[in-house]
Amino acid sequence: MGKTLSVNSGSSSLKWQLFQMPEETVIAKGIFERIGQEQSTMKVEFAGEKHSNEQKIIDVQQCVLLLLDTLIHYGLINDFREITGVGHRVVAGGELFKASVIVDEKVLGEIKELARLAPLHNLANPAGIEAFMKLLPQALPVAVFDTAFHSTMSEKAFLYPIPKKYYDEYSIRKYGAHGTSHYYVSQLAAEMLNRPIDELKLVSAHIGNGASITAIDGGTSVDTSMGLTPLAGVMMGTRSGDIDPSVIQYLIENVAHLNNAAAVLDELNNKSGILGISGLTSDMRDLNDARASGDKNAQLAYDMFIDRLKKYIAQYIGLLNGIDALIFTAGIGENDEAVRQDIIEGLSWFGMEISPELNIRGANGIISTAQSKVKVLVIPTNEELVIAREVETFRQLWFNQTFSKGIA
Ligand code: AMP
């Protein structure tokens with residue numbers, strides 16, 4: 001019994017959910033954005049109420065304090081000690097972390113060390129973890145890695161075809177991301193299809209602002225579209241996805257304001273993808289509005305986005321030599337029926353057919369027709385719940401060990 005916080009701390013934001021465990025009920029959730037800027041925002045939701053506030057938040061330490069005070073203020077907890085565990089989403093686990101882990105000083109140091117693989121996220125992650133450890137010393141801190149689910153990839157899948165010494169000496173390889181989400185939806189898909197996961201071949205399409213496609217065989221990740229960092233793979237809201245690496249050198253040598261690798265990488269991470277092609281927005285809803293009003297570049301961005309998704313999905317259907325089901329999840333995958341329709345229409349040769357009625361209804365479940373060879377599902381992802389469950393597993397283990405020692 002206890003309350004568990006699931007935390008996702010980014011470079012300037014902190015997203016959280018408070019769960020009552022083991023019941024898995026959501027007590028409250030919220031997000032802090034623009035931390036460290038002039039005007040930070042705070043949003044909190046619980047029991048049908050929504051509150052938002054603006055104030056300057058200097059750093060993550062102040063943010064965590066504000067979060068805890070907010071929980072007290074709204075009567076969601078009476079005492080900090082009611083929070084018995086905090087689970088943290090960590091983007092890069094490298095080769096060191098193949099499963100979730102209880103955080104101590106050593107683990108924290110290792111997470112910081114791995115920051116070079118995902119500098120944007122991994123520097124922010126340990127700062128968040130440290131702040132919670134300081135302010136909630138009684139709560140069990142657990143790190144849940146976005147890469148862990150992909151640690152089952154074989155060498156032939158995770159190696160880049162470059163001299164192998166760069167893997168042997170520098171660990172340069174594909175690590176993937178969104179692992180918690182791909183894991184969660186693949187498990188639920190097996191339940192919905194009423195078949196054991198170890199019999200199933202699945203492709204999971206996590207399509208949000210960041211997007212990745214994963215090939216899953218018997219419940220394990222065999223390949224995924226993101227790479228050493230979350231920049232690789234399909235086209236995304238602001239990220240290019242795969243491009244010819246020679247473009248980088250060409251930009252450095254020919255574009256004045258992009259005269260170094262960091263500037264080009266910033267362009268590819270933050271100004272490319274849907275935003276870069278449309279010149280308008282990285283957000284699918286805004287892109288759809290612009291398309292509806294006849295904006296040509298918005299339409300081009302959409303068409304490129306769909307084609308790149310189709311190509312990765314088809315590639316993984318080939319890699320798995322056929323699939324039982326395709327899963328759509330995340331902001332766009334869960335909510336945009338036109339994206340789903342256009343992808344499936346383009347892949348109908350593989351024996352996929354969706355019911356227009358079920359597709360429009362979306363929600364949670366199978367949207368393919370009865371005769372479709374490949375089942376198509378929409379499954380809302382819930383990374384926060386997986387994180388809370390991981391914390392709960394460690395808490396139970398810890399409790400059982402302590403208890404058995406006590407009576408021995
Ligand atoms: P995520 O990163 O998973 O939060 O997803 C964010 C993306 O989902 C943004 O591009 C949103 O525009 C998109 N999105 C959210 N709701 C909808 C919706 N109802 N229709 C289309 N796109 C949506």
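Every number for a ligand or one of its atoms is a count from 1 in the order of the listing.
With 3.5 Å as the limit, one finds a donor-acceptor pair spanning the side chains of E334 and T329. Checking H206 against S212 by side-chain atom types alone, no donor-acceptor pair falls below 3.5 Å.
In terms of protein heavy-atom proximity, atom 22 (N) of ligand 1 is nearest to R285 CG, 3.7 Å. Remark: minimum distance from atom 21 (C) of ligand 1 to any protein heavy atom is reached at D336 OD2, 3.5 Å. Atom 10 (O) of ligand 1 has its closest protein heavy atom at M284 N, 3.0 Å. Looking from atom 14 (N) of ligand 1 to the surrounding protein, the closest heavy atom is G331 O, 3.6 Å. The protein heavy atom nearest to atom 18 (C) of ligand 1 is N335 CB, 3.3 Å.
Ring centroid separation for the pair H178 and F149 does not come in under the 6.0 Å cut-off.
For a threshold of 3.5 Å applied to N or O pairs, the pair formed by N209 and ligand 1 contains at least one separation below that value. Taking any N or O of D283, backbone or side chain, at least one lies under 3.5 Å from an N or O belonging to ligand 1.
Here E130 pairs with K112 in a salt bridge; the nearest charged N to carboxylate O distance falls below 4.0 Å. Under a 4.0 Å N-O distance rule, the pair R389/E392 does not qualify as a salt bridge.
For the pair R173 and Y175, the cation-pi criterion (under 6.0 Å, within 45° of the ring axis) is fulfilled.
Atom 16 (N) of ligand 1 is approached by the protein to below 4.0 angstrom, counting heavy atoms only.
Heavy-atom proximity to I332, at under 4.0 Å, picks out these atoms of ligand 1: 7 (C), 8 (O), 10 (O), 13 (C). Close approach of ligand 1 to G208 is summarised as follows: ligand atoms under 4.0 Å from at least one heavy atom of the residue are 1 (P), 2 (O), 3 (O), 5 (O).
Exactly one residue among D289, D295, N288 makes a side chain to side chain donor-acceptor pair (under 3.5 Å) with R291. That residue is N288.
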